[in-house]
**Student:** 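Starting off with a structure, shown below.
Just so we're clear, the structure is a prediction, and the values are computed from it rather than from any experiment.
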Amino acid sequence: MGNSTRVYEIAEGWAKLPDHIKFGYTHGIEIDSNDNVYVFHTEKHPVVVFDRDGNFVRSFGDDLFDGGAHGFYLHVENGQEVFYTTDVKKCQMVKMTLNGEVLLTIGTPDLPNIYDSEKRFVPTDVCVGPNGDIYIADGYGQSWVHQYTAAGDYIRSWGGKGKGPGELACPHGISIDTRSGEPEVYVADRGNNRIQVFTLEGELKRIVTNDIDYPDNFYFFGDELYFPDLHSRVTIFDKNDKLICHLGEDQQAYKQQGWPNLPPEWYRVDKFSSPHGICVDKRGDVYVAEWTINGRVTKLVRQ
């Protein structure tokens, strides 16, 4: 898989899922410092851990998540790796250890001009700034980004539903880019089919529209930006947000009736259907989780 500048070998059948676990929608995927891979999905055993060879290690999270697993972000704080997650059923952000111990929970912001009994807060992703500030993207709710201190105290919000500069339509993913030396907030403005880039204080800096097809979220690796285009491909940008390559592109998959839950015979090892989560290990190998009812996880080995 790849092109003349970037080639990957597909590790077919990589994830060796034990018989007692069945994947639901595989929404998130992350990797720790020991190259253990964590898959965040919507069925029981919502966090499933594999080693880099795809061997099952353990699972956890039944007491925390009940079908709402969505945003999944690993962050290092004071030498400790922790997860920031979003739950689209319980409508909250949960920070936890790599063993599932809850450290912080943030629910619906106290903003009555935005949220009420009908206008709900449904967070889809979360990230953390250099000073520990937490940024939560309300992708399935009212299309706002909310900023909090590391302790969970509210700071500010920006966005709101719309198509104009700075307005959002399903800000599905959010991350912090430090490649230039000046931290920036990247928002996957999926409903508007674009990426919007903001300062840490929420001021719009620029909009990226090239080579994008329904962006979900982001993973920064060195000078490169990796993101799942939900419309059936993975995209890699360089440090200037210019295209390096698309991976596994299938321009027919997302156009099929019933997508993303296509019949088993549709899926091919070298094509994606509905990529939703992505991460990259220290060797440059890529792991992709797809939004489909029976889950799908692919490992691409960098050549």
**Student:** Can a donor-acceptor pair be found, under 3.5 Å and without considering hydrogens, that links the side chain of D87 to the backbone of A69?
**Tutor:** no
**Student:** Taking V269 as the starting point, is it possible to reach V286 by hopping between hydrophobic residues whose side chains are less than 4.5 Å apart?
**Tutor:** yes
**Student:** Is a side-chain donor or acceptor of T124 paired with a backbone partner of D138 at a separation under 3.5 angstrom?
**Tutor:** no
**Student:** Within a 6.0 Å radius of atom NZ on K119, are there more than 12 heavy atoms belonging to other residues, nucleotides or ligands?
**Tutor:**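 Not more than 12 within 6.0 Å, no.
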**Student:** Please name the pair of heavy atoms, one in L262 and one in S273, separated by the smallest distance, quoted to 0.1 Å.
**Tutor:** CD1-OG, 3.6 Å
**Student:** May I ask whether F40 and I21 are part of the same hydrophobic cluster, defined by side-chain heavy atoms of I, L, V, M, F, W, Y residues being less than 4.5 angstrom apart, directly or through others?
**Tutor:**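 No; I21 is not reachable from F40 via cluster members.
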**Student:** Are Y254 and D213 close enough that some pair of their side-chain heavy atoms sits under 4.5 Å apart?
**Tutor:**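 Side-chain contact under 4.5 Å: yes.
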**Student:** Honestly curious: do Y148 and L103 fall in one hydrophobic cluster under the side-chain, below-4.5 Å linking rule?
**Tutor:**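 Looking at the clustering, L103 is in the same group as Y148.
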**Student:** Answer yes when K44 and D62 have at least one side-chain N-carboxylate O distance shorter than 4.0 Å, and no when they do not.
**Tutor:** no
**Student:** List the steps and the verdict of side-chain contact (heavy atoms from CB on, under 4.5 Å) for R179 and L225.
**Tutor:** CA-CA 9 Å; R179 291 175 295 172; L225 169 60; 3.7 Å; yes
**Student:** Check this for me: K242, atom NZ, are more than 12 non-hydrogen atoms of other residues, nucleotides or ligands nearer than 6.0 Å?
**Tutor:**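 No, the 6.0 Å shell around NZ holds no more than 12 heavy atoms from other groups.
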**Student:** I need the I236 CD1 to T5 OG1 distance, nearest 0.5 Å.
**Tutor:** 8.0 Å
**Student:** Please answer whether the main-chain N or O of V288 pairs with a side-chain N or O of T298 as donor and acceptor at a distance below 3.5 Å.
**Tutor:** no
**Student:** Answer yes or no: is there a side-chain heavy-atom contact under 4.5 Å between I29 and V37?
**Tutor:**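 Sidechains of V37 and I29: in contact.
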**Student:** Is it the case that more than 12 heavy atoms not belonging to N113 sit under 6.0 Å from its CG atom?
**Tutor:**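 For N113, atom CG is crowded (more than 12 foreign heavy atoms under 6.0 Å).
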**Student:** Please determine whether side-chain contact (heavy atoms from CB on, under 4.5 Å) holds for the pair I212 and F227, giving the CA-CA distance in whole Å, both sets of side-chain angles, and the decisive distance to 0.1 Å.
**Tutor:** CA-CA 9 Å; I212 291 169; F227 60 92; 4.0 Å; yes
**Student:** Hey, could you give me the OG1/CD distance between T97 and E101, rounded to the nearest 0.5 Å?
**Tutor:**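 The CD atom of E101 is 5.0 Å from OG1 of T97, to the nearest 0.5 Å.
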**Student:** Under 4.5 Å between any side-chain heavy atoms of Y267 and N294, yes or no?
**Tutor:** no
**Student:** Which atoms form the tightest heavy-atom contact between E9 and Q303, and what is the distance?
**Tutor:** CB-NE2, 3.4 Å
**Student:** Can you tell whether the side chains of D35 and R52 come within less than 4.0 Å, N to carboxylate O?
**Tutor:**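 So D35 pairs with R52 through a salt bridge.
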**Student:** Give me the atom names and distance for the closest heavy-atom approach of F72 to Y38.
**Tutor:** CE2-O, 3.4 Å
**Student:** Can you tell me how far OG1 of T235 sits from CG of D241, rounded to the nearest 0.5 angstrom?
**Tutor:**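 Reported value, rounded in 0.5 Å steps: 11.5 Å.
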**Student:** Can a salt bridge be assigned to the pair D133 and R156 using a cut-off of 4.0 Å between side-chain N and carboxylate O?
**Tutor:**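 Salt bridge absent between D133 and R156.
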**Student:** Quick check for you: to the nearest 0.5 Å, what is the distance between L98 atom CG and E30 atom CD?
**Tutor:**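 Going from the CG atom of L98 to the CD atom of E30 covers 9.5 Å.
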**Student:** With the threshold set at 4.0 Å, does a side-chain nitrogen-carboxylate oxygen contact exist between R233 and D229?
**Tutor:** yes
**Student:** State whether the side chain of K163 and the backbone N or O of A169 hold a donor-acceptor pair below 3.5 Å, judged by distance alone.
**Tutor:** no
**Student:** According to a hydrophobic-cluster definition based on side-chain heavy atoms being under 4.5 Å apart (Ile, Leu, Val, Met, Phe, Trp, Tyr only), do L64 and I106 belong together?
**Tutor:** no
**Student:** With the side chain counted from C-beta on, respond yes when I114 and P109 share a heavy-atom pair under 4.5 Å apart, and no when they do not.
**Tutor:**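 Answer no - side chains too far apart.
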**Student:** On a heavy-atom basis, which atom in K271 and which in M1 lie closest, and how many Å separate them?
**Tutor:** N-CE, 4.4 Å
**Student:** Less than 4.5 Å apart, side chain to side chain, heavy atoms only: is that true for V208 and N210?
**Tutor:**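 Result yes, sub-4.5 Å side-chain heavy-atom pair found.
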**Student:** Could you tell me whether a side-chain N or O of E290 sits under 3.5 Å from a main-chain N or O of S274, the two making a donor and an acceptor?
**Tutor:** yes
**Student:** Has E265 got more than 12 heavy atoms of other residues, nucleotides or ligands less than 6.0 Å from its CD?
**Tutor:** yes
**Student:** Has the side chain of E184 got a donor or acceptor atom that lies under 3.5 Å from a matching backbone atom of D177?
**Tutor:**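 Not at all, since once roles are kept as given, no pair shorter than 3.5 Å links the two residues.
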**Student:** What ring-ring contact (aromatic ring centres under 6.0 Å, His included) pairs are there with at least one residue in residues 172-197, not counting sequence neighbours?
**Tutor:** H70-H172, Y140-H172, H172-H276, Y186-F218, Y186-F220
**Student:** Side chains of R58 and N99, heavy atoms from C-beta outward: is any pair under 4.5 Å?
**Tutor:**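 A side-chain contact exists here, since the closest heavy-atom pair is under 4.5 Å.
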**Student:** Can you confirm whether more than 12 heavy atoms, excluding those of N3, are under 6.0 Å from its CG atom?
**Tutor:**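 Yes, the 6.0 Å shell around CG holds more than 12 heavy atoms from other groups.
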**Student:** From D281 CG over to K299 NZ, what is the distance, rounded to the nearest 0.5 angstrom?
**Tutor:**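 So the CG of D281 and the NZ of K299 are separated by 6.0 Å.
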**Student:** Within the distance-only criterion (no hydrogens, no angle test), does the side chain of T42 pair as donor or acceptor with the backbone N or O of Y25 below 3.5 angstrom?
**Tutor:**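 Yes, because the side chain of T42 sits within donor-acceptor range (under 3.5 Å) of the backbone of Y25.
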**Student:** Of the non-hydrogen atoms in I278 and P228, which two are nearest, and what is the gap between them?
**Tutor:** CG2-CD, 3.8 Å
**Student:** Quick one: CH2 on W158 to OH on Y135, what's the gap to the nearest 0.5 Å?
**Tutor:** 5.5 Å
**Student:** Please determine, by modelled atom types, if Y8 and D270 share a side-chain donor-acceptor pair under 3.5 angstrom.
**Tutor:** no
**Student:** Check side chain to side chain donor-acceptor pair (under 3.5 Å) between S157 and all other residues, then give those that pass, not counting sequence neighbours.
**Tutor:**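 Side chain to side chain donor-acceptor pair (under 3.5 Å) check on S157 returns H146, Y154.
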**Student:** For P123, is there any backbone N or O sitting under 3.5 Å from a side-chain donor or acceptor partner on T86?
**Tutor:**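 Yes, the answer is positive, given that a donor and an acceptor are paired below the 3.5 Å cut-off.
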**Student:** Please find the pair of heavy atoms, one from N36 and one from D51, that lie closest to each other, and give the distance.
**Tutor:** OD1-CA, 3.7 Å
**Student:** Compare all side-chain heavy atoms of V297 with those of L17 and state whether any distance is below 4.5 angstrom.
**Tutor:** no
**Student:** Please evaluate residues H75 and K95 with respect to the criterion side-chain contact (heavy atoms from CB on, under 4.5 Å), reporting the C-alpha separation (whole Å), side-chain torsions for both, the decisive distance (0.1 Å), and the verdict.
**Tutor:** CA-CA 10 Å; H75 187 62; K95 175 185 176 182; over 6 Å; no
**Student:** With sequence neighbours left out, write down each residue that passes ring-ring contact (aromatic ring centres under 6.0 Å, His included) with Y287, or none if nothing qualifies.
**Tutor:** W14
**Student:** Should the heavy atoms of other residues, nucleotides or ligands under 6.0 Å from NZ of K22 be counted, would the total exceed 12?
**Tutor:** yes
**Student:** Quick one: are Y73 and I174 in side-chain contact, heavy atoms under 4.5 Å?
**Tutor:** no
**Student:** Taking atom CD as the centre, does E12 end up with more than 12 heavy-atom neighbours from other residues, nucleotides or ligands that are less than 6.0 angstrom away?
**Tutor:**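 At most 12 heavy atoms, drawn from other residues, nucleotides or ligands, come within 6.0 Å of this atom.
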**Student:** Tell me whether I136 is reachable from V88 by hopping between hydrophobic residues (I, L, V, M, F, W, Y) whose side-chain heavy atoms are closer than 4.5 Å.
**Tutor:**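 Different hydrophobic clusters.
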**Student:** Please check if the side chain of Y219 supplies one atom and the backbone of V280 the other of a donor-acceptor pair under 3.5 Å.
**Tutor:**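 Such a contact is found between Y219 side chain and V280 backbone.
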**Student:** Please step through side-chain contact (heavy atoms from CB on, under 4.5 Å) for the pair R268 and D250, ending with a clear verdict.
**Tutor:** CA-CA 10 Å; R268 290 162 285 173; D250 186 344; 2.6 Å; yes
**Student:** Does V94 offer a backbone N or O that forms a donor-acceptor pair with the side chain of T105 under 3.5 Å?
**Tutor:** no
